[in-house]
Amino acid sequence: QVQLVESGGGLVQAGGSLRLSCTTSGRTFSAYAMGWFRQSPGKEREFVAGISWSGSRTYYADSVKGRFTISRDNAKNTVYLQMNSLKSEDTAVYYCAASNRNTVVAGAYDYWGQGTQVTVSS
């Protein structure tokens, strides 16, 4: 089992920045690829960013490319999502998740956090 806890969400003005953190416990964090997803009311959960177990490979949704950066610190069992130049359409609940493979497919992630709300005011 892997437990994931997100933090860092909040209210920010458009153009601002936030950094989300996801701290894990349980099985070896470095064995898992990690991903960030988000979900807005009435919409399906969508992939935002992913990172390989070593951190050597990262990948992003087109909607956040160039604005968001995913990173991880395996010594701290933590994955981060730095979000810059935030837009109102980035408003959502953000979830981190763990998978045993690099993928953008939500169904392939085995473990999920409870989510943290990000609200961007225009």
Minimal non-hydrogen separation, Asn84 against Ser17, with atom names: OD1-OG, 2.9 Å
From Arg38 atom CZ to Leu81 atom CG, the distance as rounded to the nearest 0.5 Å: 9.5 Å
Polar contact flag, side-chain donor to acceptor under 3.5 angstrom, Thr28-Ser30: no
Distance-minimising heavy-atom pair for Leu4 and Gln114: O-OE1, 3.6 Å
Tyr80 six-ring face occupied by Arg72 cation (under 6.0 Å, within 45°): no
Residues Gln13, Ser121; criterion side chain to side chain donor-acceptor pair (under 3.5 Å); working and verdict: CA-CA 5 Å; Gln13 288 188 334; Ser121 62; 5.1 Å; no
Heavy-atom pair with the smallest gap, counting every atom of Phe29 and Asp73: CE2-O, 4.0 Å
From CA spacing to verdict: ring pair (Phe, Tyr, Trp, His ring centres under 6.0 Å), Tyr59, Phe47: CA-CA 10 Å; Tyr59 39 104; Phe47 171 79; 5.7 Å; yes
Candidate pair Lys65 and Asp62, rule salt bridge (charged side-chain N to carboxylate O under 4.0 Å, His left out), full reasoning: CA-CA 5 Å; Lys65 203 170 292 183; Asp62 288 343; 3.1 Å; yes
Mutual orientation of the aromatic rings belonging to Trp112 and Tyr95 [parallel < 30°, tilted 30-60°, perpendicular > 60°]: perpendicular
Distance-minimising heavy-atom pair for Gln39 and Lys43: NE2-O, 3.1 Å
For Tyr109 against Thr103, the heavy-atom pair lying closest together: OH-O, 2.6 Å
Between OH on residue Tyr111 and OG on residue Ser99, distance to nearest 0.5 Å: 10.5 Å
Heavy-atom pair with the smallest gap, counting every atom of Ala92 and Ser40: CB-OG, 3.6 Å
